[in-house]
Each structure stands twice: as structure tokens, then as C-alpha cells.
Amino acid sequence: MDNTSQILERSAELFSGQRLLLVNPAADTLTRSLAADWTLWSWDFSVAHGLANQLPADKLVFSHLCPAVDALDAAILVMPKAIERAEYALAQMAPLLAAGKPLYLVGEKKGGVTRAERLLSQFGARPEKLDSARHCQLWRVVVDRVAKPFNLQDWQQHYTLELADQKIDLLSLPGVFSHGRLDEGSELLLEEHSALRGKVLDFGCGSGVLSIALARRNPDCQFELVDVDALAIYCAEQSLKLNDVEAQVYASDGLSEVHGRYTSVISNPPFHTGIRQDTSIAERFFSQVTRNLQPRGELRIVANGFLRYPPLIEQHIGPCQVLRENNRFKVYSAVVPG
Ligand SMILES: C[S@@+](CC[C@H](N)C(=O)[O-])C[C@H]1O[C@@H](n2cnc3c(N)ncnc32)[C@H](O)[C@@H]1O
């Protein structure tokens, strides 16, 4: 079990038999080993998918919004990697708790749980640290009044990007890459104007910026966008609408739900996930993407120049060409042999 689940299990006397909301859970067996009336909210498709056989569908919600659970005894947030995502989640959880009910925060010390006191203090006086073990801490605050209702509009950020050839309106939510601005790598990828053809897959779409810009330049292409994060999916859908671009958007863990074959696959692949530097998602993506590329299909990605992706791309797809580069990023293209 994840360290955060182990520390919750150690405090089973606080939770057993209660009606609980657990937010941002790990994909492990906590809800089996700690008997309670659990409702889980995850925005991570890989976690929701991993837990699907453990809970009935109405008790496991994959969404950008928290399920409205009534008569809760307590709510528990597992600290997300982005602090603004923690604030977004707590703002939805707290109004579900009656005055006098506890709100818990659990997380790894390296993962920012040390900010628990500040995060929790807006919902009640004197948050307390209950336990510290396995590099994790468990915090609690007793909610002293019903918190103000959550309003999604207050958390949505609208912004406009001005590219050389077009303006793009984007909608973003906390923790969606790259909240409120254009990533430098994505910008370099968009400086590459060579044409795309046919069906295009945007892997790890975030708020949808790549597909929107490229769909406008390549109006005959059909775009599909995937991401593991429910907030990214929501933002991409909304951003596509704002820009009158039609495309299909769906959740996928890597290419798990991607069954089509594409003429082009574009991506700014995820590279930091969680506290540690991690390229495993990108590596898995390179090894599997050939299944989804048509003969002569192109993989076009941008990545930090120091990441040793070209040998992997050549191993799985084909000769890897650098289309563009600056002092930090490189745009690579590889074409599957015909
Ligand atoms: C570097 S961001 C790029 C976002 C967007 N394409 C852009 O250029 O602004 C990588 C994206 O990959 C998503 N991601 C991370 N792990 C993933 C996975 N296992 N499967 C699918 N998408 C994933 C992240 O949620 C994030 O939106």
C-alpha cells in the first residue's frame, strides 16, 4: 500500500465504520483493508481505472468535480503534487462537511504536506498534526462552520495566447499544464509549420493548445485529444468550444484507451510526474505508439534537449530528425517505415 494509505490505516480508529469521502486516493487496497462507507473522487484516470473493480461505480468518481456526498462523517484529501490542486479540492470538500466534522489532509513530507496547517486553517481553528510516519504526515482540522459553496467559475482561468498566425482562447484549472501560459516547449512545437495530414492524435493534451493551433492550420485533419487528468479533459473540451474547433476528447492512461490508427501523433509528453523526475510515461508511450501509427505515419514531439529520447524513438518508430531546437528544447519527428 502507498505510504499515505498506510498512515491512514494506522489511524483506523478515526475512520472505521464512518461515511467518508477520500479524495485523490492511491490505486491500492486501502478501502478493502479499512472498513468504512467510502466514496472516492479521483481526477487521475489511471487511479480510477485501477480501483474500478474495488468499488461500485457510484462510489468511485472520475471527474473534474467532487461528487456531492451528503451526511459525511469526515473527508480526507491525499496531498496532490500541485498545491493549487489541493486548494481546488479542499474548496469542494469543505462545503460537504457540517460544522464540527473533521477534514483530514495526508501526504508525503516531500510532497508539500508540510503546508497542511496553512491549507486547513481557512476551514477551522488550530489544525493539528495527528501522526507522522513513513515520511508522511496526517493532519486534521475540525470544520467550525459550513464553508461557502464551491463555484467552478471562481477557479477557471481564461486567457488568450497570441501566436504569430492566430489568437487562441484557453480555459485552465489549477494544476492543468501549463496553467495560464504557453509552455516554452509547446511554443517551439507550434513554431513548426510543416503540414499534418489525416487523423491526428494529441497525446497528453492539457488544455488543448496544440490541437487548437494545429487544427486551424490543418483544417482537413481530424483531431483526437487524450489526457489522464480529468481537469485537463474538461479544460480541453471547453477550450475547443471557445475556439470553434471540433475534436474528440477522452481520458486515457498512456495509450490504454486509444484504439485508432493515426497519420500523425503530436505531443509534449509528460516528464515530471509527482515529486521525482520521471520519464517512464514517455518511454512507455514511445514503445506503444507504433500500434497507433499508420504506415508512413509521423510522431512529432517536443522535449527537453537533455532527455535521451532519440535512441528510444529510433528503437521503436524510425529515424529521428530534429525539426527545431533552442537552448532548452528540441522538436523531434520520426516516420514509421511504409
Ligand atoms: C507537458 S504536458 C503537455 C500539455 C499540452 N499538450 C501542452 O502542450 O500545453 C503533458 C500532459 O500529459 C498528461 N499526462 C501525464 N501522464 C499521462 C498519462 N499517463 N497518460 C496520458 N496523459 C498523461 C498531463 O496531465 C499533461 O496534461
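Sequential numbering from 1 along the given sequence is applied to the chain's residues. Just so you know, ligand 1 is whichever comes first in the structure, and atom 1 is the first atom listed for that ligand.
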So for Phe45 against ligand 1, with non-hydrogen atoms under 4.0 Å, the contacting part is neither
Quick one: does Gly204 get an N or O within less than 3.5 Å of an N or O on ligand 1? yes
Number the atoms of ligand 1 from 1 as they appear, then name those within less than 4.0 Å of a heavy atom of Leu210, with their elements. 6 (N), 8 (O)
Answer yes or no: does an N/O atom from Pro270 fall short of 3.5 Å to an N/O atom of ligand 1? no
Ser252 heavy atoms, cut-off 4.0 Å: which ligand 1 atoms fall inside? 20 (N), 21 (C)
Using a 4.0 Å cutoff against the non-hydrogen atoms of Gly254, which atoms of ligand 1 qualify? 18 (C), 19 (N), 20 (N), 21 (C)
Report yes if Asp227 has an N/O atom closer than 3.5 Å to an N/O atom of ligand 1; otherwise report no. yes
Give a yes or no answer on whether the side chain of Arg261 reaches the backbone of Arg291 with a donor-acceptor pair at less than 3.5 Å. yes
Side chain, backbone, both or neither: which part of Cys205 has a heavy atom under 4.0 Å from ligand 1? backbone
Give the contacting part of Ser267 toward ligand 1: side chain, backbone, both or neither, where contact means a heavy-atom distance below 4.0 Å. neither
With a 4.0 Å cut-off on heavy atoms, is Val209 touching ligand 1? yes
Selection from Val228, Leu255, Leu189, Asn268 by shortest heavy-atom distance to atom 1 (C) of ligand 1: Asn268
The atoms of ligand 1 lying under 4.0 Å from a heavy atom of Asp253, numbered in the order shown, are 19 (N), 20 (N)
Side-chain donor/acceptor of Ser239 to backbone N/O of Leu171, under 3.5 Å: yes
Just which atoms of ligand 1 are under 4.0 Å from any heavy atom in Ser186? 7 (C), 8 (O), 9 (O)
